[in-house]
There are 2 protein chains.
Amino acid sequence: MNLKQLSQMLGLSQTTVSRALNGYPEVNRETRERVLKAVQETGYRPNKAAQRLATGKAGSIGLVMPTAPGNPTDLHFGEFLTGLGEEALRHDFHFVVTPADPNDEVGALKRLAVSGNVDALFVNYMRGHDPRLDMLKSLSMPFLVHGRSIGSEPDYPFLDIDNEAAFYDATKLLLQLGHRRFALLNGPMYLDFAIRRKNGVDAALAERGLALDEACISHTAMTDEQGLLVMERILQLDKRPTAILCSSTVLALGAVRAINQAKLKLGEDISLIAHDDVLTLLKPENFTVPLTTTRSSLRAAGVRIAERLIAGIKHTETFPEQELWKTELIVRASTGVAPAE
Amino acid sequence: MNLKQLSQMLGLSQTTVSRALNGYPEVNRETRERVLKAVQETGYRPNKAAQRLATGKAGSIGLVMPTAPGNPTDLHFGEFLTGLGEEALRHDFHFVVTPADPNDEVGALKRLAVSGNVDALFVNYMRGHDPRLDMLKSLSMPFLVHGRSIGSEPDYPFLDIDNEAAFYDATKLLLQLGHRRFALLNGPMYLDFAIRRKNGVDAALAERGLALDEACISHTAMTDEQGLLVMERILQLDKRPTAILCSSTVLALGAVRAINQAKLKLGEDISLIAHDDVLTLLKPENFTVPLTTTRSSLRAAGVRIAERLIAGIKHTETFPEQELWKTELIVRASTGVAPAE
DNA sequence: TCATTTCCTCAAAGCGCTTTGGCTACCCAC
DNA sequence: GTGGGTAGCCAAAGCGCTTTGAGGAAATGA
C-alpha cells in the first residue's frame, strides 16, 4: 500500500493525502478525518526511504559502534545507548548504528554521514586532537560530541563531565585523609577523559609537592580483568600506594578483588575512589565495602544528548551548545585515614 | 556531489557511471577505471536513501530495543549487539535500532518493517505464544528469531540454545551431589527461556520424585539487585534449599552477595549453578568462589545471527533454518556435596 | 558490399514521497 | 454586479538512484 493507491482509493490527489497526513492547514477537516480513517484501516505507513529522499530528513541519529573480534563488550556503551533510546522513543526517532573497527572511526563516520541515512551524528570515545572533529565541522549536519577533545579548539557542540575537577576533588579528599602515595588506574591513554582525569590528579598532588610515580599509573581497557592485573602488580611494589583512583567501577571491580586476595582491608589498609557512571549492573554501594565515588550518570547523558540532537534536527534548538556537568563526590566506606607508616 | 554531477564531469551518462560502480560487465575497462578514479578524487558516495528507493535493498538489519524510563539496562542486550556488529562490519551492513516500550513490541516491529528502512528483521526476548511471530510470517521479509516461542508452531527460522537440557543437566548434577532442596532464580515468567529452564529443572527433579517448592521459585528481572533480594528471602525459609539454580550470572552476582552476607560458604553450605552468557564483564571464574555454570556465548549467537540474516538478504542462504545450540556444563567450585542434615 | 553480431553507451521511466504553483469555487464588501 | 480574498484541492516537478529498452559504432561474416 503506497500513497498513490491510498489516494486513488479515496478519490483524492496524492498532494491532499500527504498534506492531511502531515498536518498542513489547507485541508478540510472532514477530508483529513476521512484520510486518517483510511490509514487506520489499511495500515498504510509512508515509505521512509522515499520520505527521506523527498525531504532530506530521516528521523534518525547516526552513531558508530566500535567493535572488533575479540574486543570486550563495553558496558558503558550499552548504558549510554539505553539513555539515548529512552529519549529517541519519545520523538519517534531511531538510530542507525554502524559497526566500525576502532582504527577506522573517521572513515565509518564519513560513510554514515554521506550515506543520506541520518540527520545527525553523535560521536564519543573522544581522543586528544580528535581527527573526527574537522570532518564533522565540514559536514553541515548537526552533530554532538560526548566528551571533548583536548588539544582541539573547543568550538564544537559537546556534552562532557568535568573529569579534571572530579579527580582533582577525589585526590584532594584522599590527601586530606593523610594519603601520600597514590595510584591511578586509568582508561586508554589516548582518550580525552583519561588525560583530563590524570591532569586532575596531577594538579591536586602538585599543590602538595607530590607526584604520581610512573609505576603507579596504568592506562588499560576498562575491564575488571585489567583492574585485577594492574592492581596485583601495584600491590607488589616496595612502597605500595595507600590511595587508589579508578577511572571506572568496572576497573574497581578487579582492583578490589586483587586487594581482597592480598588480604588487605579496603578503607583501612588501602583507600579507593572510583568514577561511577551509574551502571545498572555495578552499583558502588553493592561492593562488599561500599565504594567512594565520583558520580555522573551515563544514561542521563544519553537522554540529554538525544534531546539536544533531536532539537538540532528539528531546528528547535534552545539548548546551550556546550555543557559541562559537575560530578558528585559520594563518600562511602572505601576511603579512610591513611594507615600509619 | 551526486550521480548526475559526477557523470556530467566525466562526460558519461548516469547509467554508465552507475553500472561502472556496481560492477556490471557491459562497461569498458578503461571507462570503469576512469569512473573509479573520479570517485576517489571527488569522494562521491551514493545516497543510500535513493539507492534504497530504487533497489528496495537497504543493507541494514532492523531490531527493536526495549527501553523505558527507569528500566534497567540489559547487559545481555549489549553483549549480543557486539556480536551482531562484529559480523555486520564484515559485510558493510548496519542496524536500524528502534527503541520501543516493552509493551509495544509488536507495533514497533511493524513500524520498522513497513518503514522501508530495513531488509531483514531480528527479534529476541521471545515470549510464550509470541504475537510477533504471526506478524513476521505475514511480512515477506527475512527474519530470524533468537530463542523460540513455546506454544507456537516451530515453523520459523530461529537460533536458540537448549535451555531445557542445560537446566536439566545442571539439576541432575546437583542431585548426584546429594542435594534435595532446590531453588530457581529465573527470568520473567512470560519469557520463553525462563519457561524452558524451569521445565528442565522440573523434569530432572520429577525423575527422583521431587518438586520445586513454590516459595523457592522466583521470576524477576535479571539484575543483581533482584538476585540479592530473592536470595535473602529464600535463605530465611525454614528448610532452606541447599542447591540454587540461577538463570544468569547477573542474578548470581546478587545471590552470592546474599549468601556471603548470611555467612554461608558457597560450595559447602550451599551450592549454586548459574547460566553463563559469557558476558565480558562478569566471568564466573572471577567470583570469589568460581561458579559452576551452563555456558553459551551470547556474543557468538550475535555473530551467527548476523551471518544468517545477511545471507538471507543476499539470497545466499545455505544455513539450516533452525539451530539449537547445546550448552556446556562447566564445573567449578560453587558446587559441592550436599551438607549433612 | 551489406547484413549481422558484439561492445559500449544512452535516454527515460520509475521507486514513493513532498512541495511548488496554480486553479476553482465560493464568500464578502463596496 | 464586480473585484479581491480565501478555502480546498490538484497536476506535476523533483529528490538521487537503478534498470529497461534502444541505438550507434566497430568488428565480423557472407
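Throughout, a chain's letter reflects where its sequence line sits, starting with A, and its residues are numbered from 1. The model shown is predicted, which means the values in this text are computed figures rather than measured ones. In what follows, every heavy atom counts, from backbone to side chain, and hydrogens, waters and symmetry copies are set aside.
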Practice problem: For the helix from dT1(C)-dA30(D) to dC30(C)-dG1(D), figure out the bend between the end axes, five pairs an end, and round to 10 degrees. | Solution: 60°
Nucleotide [N], atom [atom2] - distance to [atom1] of [X] in whole Å:
X	N	atom1	atom2	result
E26(B)	dT19(D)	CD	P	11 Å
N28(B)	dA26(D)	CG	C1'	13 Å
Q14(A)	dG8(D)	CD	P	21 Å
K57(A)	dC15(D)	NZ	P	17 Å
L3(A)	dG14(C)	CG	P	18 Å
R52(A)	dT19(C)	CZ	P	13 Å
R34(B)	dC8(C)	CZ	C1'	13 Å
L53(B)	dT18(C)	CG	P	12 Å

Quiz item: Of the nucleotides dG16(C), dA11(D), dT18(C), which one has an atom closest to the side chain of Q51(A)?
Solution: dT18(C)
Quiz prompt | Nucleotide of dT18(C), dG16(C), dG16(D) approaching A54(B) most closely (side-chain heavy atoms) | solution =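 It is dG16(D).
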Self-check item: First of R19(B) and T55(B) reached from the 5' end of DNA chain C, by closest nucleotide
Solution: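 In this pair, the answer is R19(B).
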Quiz item: Does NZ in K37(B) sit with more than 12 non-hydrogen atoms of other residues, nucleotides or ligands closer than 6.0 Å?
Solution: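 Counting other residues, nucleotides and ligands, NZ of K37(B) stays at 12 neighbours or fewer.
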[X] and [Y]: which non-hydrogen atoms are nearest, and at how many Å?
X	Y	value
A301(A)	F80(A)	C-CE1, 4.0 Å
F77(A)	P66(A)	CE1-CD, 4.3 Å
L21(A)	V35(A)	CD1-CG1, 3.3 Å
P102(B)	T67(B)	CD-O, 3.7 Å

Respond yes when some side-chain nitrogen or oxygen of [X] is under 4.0 Å from OP1 or OP2 of [N], and no when none is.
X	N	result
Y44(A)	dG16(C)	no
S18(B)	dC17(D)	no
Y24(B)	dC8(C)	no
N47(A)	dG16(C)	no
T16(A)	dC10(D)	yes

Quiz item: Hey, what do you get for NE2 (H146(A)) to CE (M126(A)), rounding to the nearest 0.5 Å?
Solution: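 The CE atom of M126(A) is 11.0 Å from NE2 of H146(A), to the nearest 0.5 Å.
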Quiz item: Hey, does the side-chain of T15(B) have a donor or acceptor N/O within less than 3.5 Å of a partner on the base of dT18(D)?
Solution: no
Quiz item: Do you know which of N124(A), L121(A), L133(A) makes side chain to side chain contact (heavy atoms under 4.5 Å, CB included) with V145(A)?
Solution: L133(A)
